[in-house]
Amino acid sequence: MQRRLIFKGLGASAVALPGLAACGTGGGGDVELSDEPVTIRMTWWGADTRAELTNQVIAAFQEEHPNITVKGEFKDWAGYWDALATTTAANDSPDVIQMDELYLSSYGDRGTLLDLADTSDFLDTSGFEAATLETGQIDGTQYAIPIGAGMLACVINADLFTQYGVELPDGITWTWDDYAAIAKQLSEKSGGAIHGTGLTGGTDAGSIRYWARLHGNELYGENGDVTLDPAVLAALWEYNLDLIESGAGESPAQSVESQSAGIEGGSLATGKIAMGFGYNTQITPLLAASGADLRLLQLPGNAEAAANFIKPSMYWVVSSQSEHPAEAATLLDFLVNHEAAADILGTERGIPANPAMREHVAADLDAGEQMAVDYIESAAAGPAVALTPPGGSGFDPMIQRYTQEVMFGERTPQEAAEAFIDELKTEIDAAA
């Protein structure tokens with residue numbers, strides 16, 4: 001579906017965590033740097049470009065800390081989580097780990113991550129905004145440091161607005177009724193050459209969280225329970241069905257086609273729709289693919305509710321199994337706080353979550369990256385959302401299945417909402 005397209009690369013498949021037990025050898029008692037040669041391991045997922053840049057950072061770190069040797073390991077997304085679960089269960093996890101929000105609670109709740117307060121002599125978090133740090137906390141304990149920061153945004157194609165004589169929206173105070181009216185106007189004035197919008201949510205956790213917050217609801221409670229109201233989810237699907245029926249939105253078949261084409265080949269990038277939703281950090285590939293005047297606006301309704309939220313692109317964590325927590329924390333500090341690391345990594349892992357590093361790399365940002373930075377610094381954000389509980393990592397493919405059933409008329413929105421929430425609760429209960 002359209003939302004799955006726009007958020008491609010930010011979702012994840014469900015990966016089991018076999019035998020992940022609470023165990024750890026480091027993190028307790030005194031944490032001190034050694035004067036002797038020390039070897040630590042660092043792991044991340046990603047492609048060759050990320051590996052090349054990360055290895056350059058490791059080399060720079062080792063120049064400053066010649067007694068610390070860092071062995072880097074990387075894999076693709078699916079293989080990464082299987083390997084991490086296996087090494088953690090064997091009490092042999094890497095010292096420094098690149099972590100995703102989907103799995104932070106799973107590892108943190110099992111005692112396999114180090115409380116970073118234990119390493120405060122070596123890891124400085126004072127430069128981070130409190131709301132950003134909060135996204136890496138479990139029950140108030142700081143287990144993770146956000147690497148990059150993103151926020152949901154509405155992407156509009158200003159060229160299409162101009163072409164069809166539609167006034168650009170007020171991206172601060174507009175409502176969902178405004179959005180629907182503008183989308184319909186675009187479709188009608190184009191004579192059906194384009195649609196005003198694709199789907200506006202329902203196929204990823206981010207859009208569900210935002211919609212729920214607009215309605216005084218949340219996807220998850222602080223204790224990991226599913227608190228999403230079926231009526232709230234049903235209302236989101238009903239909104240999208242109304243867009244389709246009015247001609248404002250793409251048909252279900254067109255949305256599926258757009259999704260399968262990926263970000264660069266989807267409806268927003270190819271000018272088949274004038275408005276869509278995504279994360280601010282995805283503006284760069286959209287600009288490159290479309291060649292159009294694309295702009296980022298706040299999501300409808302956010303001015304009143306501040307329902308939006310900071311989403312870390314990923315985190316760094318330290319394993320509680322580490323025999324060298326001080327050295328691991330020193331490496332983590334270098335990665336997030338030092339200009340030498342920022343010079344190498346730039347925005348490869350997202351717009352830096354550390355404001356000082358974000359400012360440091362500003363001169364080297366391209367137009368899309370600068371747009372993403374400007375957006376996150378101006379858009380209103382509410383408090384951090386609750387972490388995805390263990391068992392919830394398969395949320396996106398699950399919700400995509402139900403959304404498709406609703407859009408193609410196989411289930412009513414209310415029936416699908418109730419069935420989806422029951423299935424999600426079952427998955428989470430099974431992982432408890």
Side-chain angles (χ1 to χ4, degrees), residues 20 22-34 38 40-44 54 57-58 61 64-65 68 70 72 84 87-88 91-149 222 310-338 341-342 345 349-350 352-358 383-388 390:
L20 189 58
C23 50
T25 58
D30 294 334
V31 178
E32 298 179 350
L33 281 173
S34 174
V38 167
I40 60 176
R41 291 155 55 211
M42 171 181 171
T43 188
W44 66 91
T54 306
V57 169
I58 288 174
F61 172 78
E64 292 194 14
H65 302 275
I68 304 176
V70 181
L84 184 59
T87 56
T88 301
N91 202 32
D92 187 36
S93 67
D95 301 85
V96 176
I97 301 166
Q98 186 176 289
M99 178 60 61
D100 188 82
E101 187 275 337
L102 286 173
Y103 299 98
L104 178 57
S105 182
S106 296
Y107 282 88
D109 286 350
R110 288 165 171 79
T112 60
L113 302 182
L114 186 67
D115 178 354
L116 295 178
D118 293 345
T119 65
S120 59
D121 288 344
F122 313 102
L123 171 61
D124 181 9
T125 63
S126 63
F128 286 80
E129 296 164 339
T132 303
L133 283 177
E134 188 180 351
T135 67
Q137 296 174 2
I138 302 174
D139 296 331
T141 299
Q142 194 77 48
Y143 288 109
I145 300 298
I147 301 173
E222 292 301 325
I310 300 293
K311 183 193 183 300
S313 59
M314 57 200 77
Y315 304 93
W316 290 120
V317 299
V318 175
S319 171
S320 64
Q321 300 171 358
S322 174
E323 296 180 358
H324 305 289
E327 287 76 11
T330 301
L331 173 58
L332 201 163
D333 183 81
F334 184 81
L335 290 167
V336 300
N337 288 325
H338 286 236
L345 295 175
R349 283 181 170 86
N354 182 335
M357 295 303 101
R358 191 157 64 225
V385 295
L387 291 173
T388 299

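Heavy atoms only: backbone and side chains are in, while hydrogens, waters and symmetry mates are out.
- Of the N and O atoms on the side chains of Thr388 and Glu101, at least one donor lies less than 3.5 Å from an acceptor on the other residue.
- The one candidate from Val96, Val70, Asp92 that meets the side-chain contact (heavy atoms from CB on, under 4.5 Å) condition with Arg41 is Asp92.
- Residues meeting the side-chain contact (heavy atoms from CB on, under 4.5 Å) test with Pro312, sequence neighbours left out: Thr135, Pro146, Tyr315.
- Taking the side chain as every heavy atom from C-beta outward, Ile68 and Ile40 approach each other to under 4.5 Å.
- Closest approach of Ala329 to Val318, counting heavy atoms only: N-CG2, 4.4 Å.
- Of the possible donor and acceptor atoms, none in the side chain of Glu32 sits under 3.5 Å from a partner among the backbone N and O of Ala326.
- Side-chain contact check for Asp95 versus Met42: every heavy-atom pair is 4.5 Å or farther apart.
- Side-chain atoms of Met99 and Leu84, non-hydrogen and from C-beta on, do get closer than 4.5 Å to each other.
- More than 12 heavy atoms of other residues, nucleotides or ligands shown are found within 6.0 angstrom of CD on Glu64.
- Of the residues Leu331, Val336, Ile97, the one that meets the side-chain contact (heavy atoms from CB on, under 4.5 Å) test with Trp316 is Val336.
- By the side-chain hydrogen bond (donor to acceptor under 3.5 Å, both in side chains) test, His324 pairs with no residue at all, sequence neighbours left out.
- The closest donor-acceptor contact from the side chain of Thr141 to the backbone of Asp115 lies at 3.5 Å or more, if one exists at all.
- Screening Thr125, Leu123, Val317 against Leu116 for a side-chain contact (heavy atoms from CB on, under 4.5 Å) leaves a single residue, Leu123.
- Contact annotation: the side chain of Leu114 never approaches that of Ser322 to less than 4.5 Å [non-hydrogen atoms, C-beta and beyond].
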